[in-house]
Amino acid sequence: MHDLLALAETAALQAYAPYSKFRVGCALQTLSGRIHTGCNVENASYGLTICAERNTIFQAVAQEGTSMKVVRMAVVCLGHEFPPCGACRQVIAEFSMADGLTEVIFLRDGNPVTRTMAELLPEAFVIPS
Ligand code: THU
């Protein structure tokens with residue numbers, strides 16, 4: 001499972017982060033078994049920056065279609081450690097397993113930590129169908 005962490009670390013090498021210097025990579029596996037990777041891409045107009053997690057999810061939707069579901073995701077920042085930001089949590093929730101059991105893996109003190117989306121974003125905003 002933690003191969004995803006290695007893929008995320010490799011993806012972080014592709015980051016475009018001249019402003020923050022935070023080079024972030026993401027790797028996710030979908031229900032179909034496919035793996036997608038991505039990185040953060042910053043912009044001189046700072047607010048236009050896209051995080052690695054959202055970049056990767058949008059790419060997965062573009063390649064697999066709108067029914068794509070994330071089973072697990074790993075996030076790595078070179079030289080730093082953090083779980084996905086709040087904006088990314090909301091986007092991950094949109095494409096998570098219905099039971100909230102989609103797993104998110106990140107590093108803490110050099111060790112992998114796994115959290116479910118139910119833990120990372122309890123009571124997520126959803127539009128009732
Ligand atoms: N960043 C991510 O890629 N993912 C996160 O979850 C948090 C922050 C990026 C955005 C920006 O390029 C840099 O890290 C500093 O915020």
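Start at 1 and go down the list; that is how both ligands and their atoms are numbered. A quick note: this is a predicted structure, and the numbers were derived from the prediction, not measured.
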Greater than 12 external heavy atoms within 6.0 Å of Gln90's CD: yes
Which protein heavy atom lies closest to atom 1 (N) of ligand 1, and at what distance to 0.1 Å? Cys51 SG, 3.6 Å
Please determine whether any non-hydrogen atom of Ala17 lies less than 4.0 Å from an atom of ligand 1. no
Would you mind reporting whether Tyr16 and Arg23 have side-chain heavy atoms less than 4.5 Å apart? no
Is there a protein heavy atom less than 4.0 Å away from atom 16 (O) of ligand 1? no
Student check: side-chain heavy atoms of Met73 and Leu4 closer than 4.5 Å: no
pair Ile92-Pro84: side-chain heavy atoms closer than 4.5 Å: yes
Would you call Arg72 and Thr102 a side-chain contact if the rule is heavy atoms closer than 4.5 Å? no
Run the numbers for me: atoms of ligand 1, each under 4.0 Å from some heavy atom of Glu42, listed by number. 11 (C), 12 (O), 13 (C)
Select the closest option to atom 13 (C) of ligand 1 among Ala12, Gly38, Ser20, Ala52, judged by heavy-atom distance. Ser20
Enumerated ligand 1 atoms positioned under 4.0 Å from heavy atoms of Phe22: 13 (C), 14 (O), 15 (C)
Taking the side chain as every heavy atom from C-beta outward, state whether Leu13 and Leu78 have any atom pair closer than 4.5 Å. yes
Under 4.0 Å from ligand 1, counting heavy atoms only, is it the side chain of Phe82, its backbone, both or neither? side chain
Show me the donor-acceptor pairs, under 3.5 Å and distance only, between side chains in residues 35-42 and residues at least two apart or in other chains.
from: His36; atom 1: ND1; to: Gln63; atom 2: OE1; distance (Å): 3.4
from: His36; atom 1: NE2; to: Glu64; atom 2: OE2; distance (Å): 2.7
from: Asn40; atom 1: OD1; to: Val24; atom 2: N; distance (Å): 2.9
from: Asn40; atom 1: ND2; to: Phe22; atom 2: O; distance (Å): 2.8
from: Glu42; atom 1: OE1; to: Tyr19; atom 2: N; distance (Å): 3.1
from: Glu42; atom 1: OE1; to: Ser20; atom 2: N; distance (Å): 3.1
from: Glu42; atom 1: OE2; to: Ser20; atom 2: OG; distance (Å): 2.5

For atom 6 (O) of ligand 1, what's the nearest protein heavy-atom neighbour? Residue, atom name and distance, please. Glu53 OE2, 2.7 Å
Have a look at Asn43, Val24, Thr49, Ile92 and point out the one with the heavy atom closest to atom 10 (C) of ligand 1. Thr49
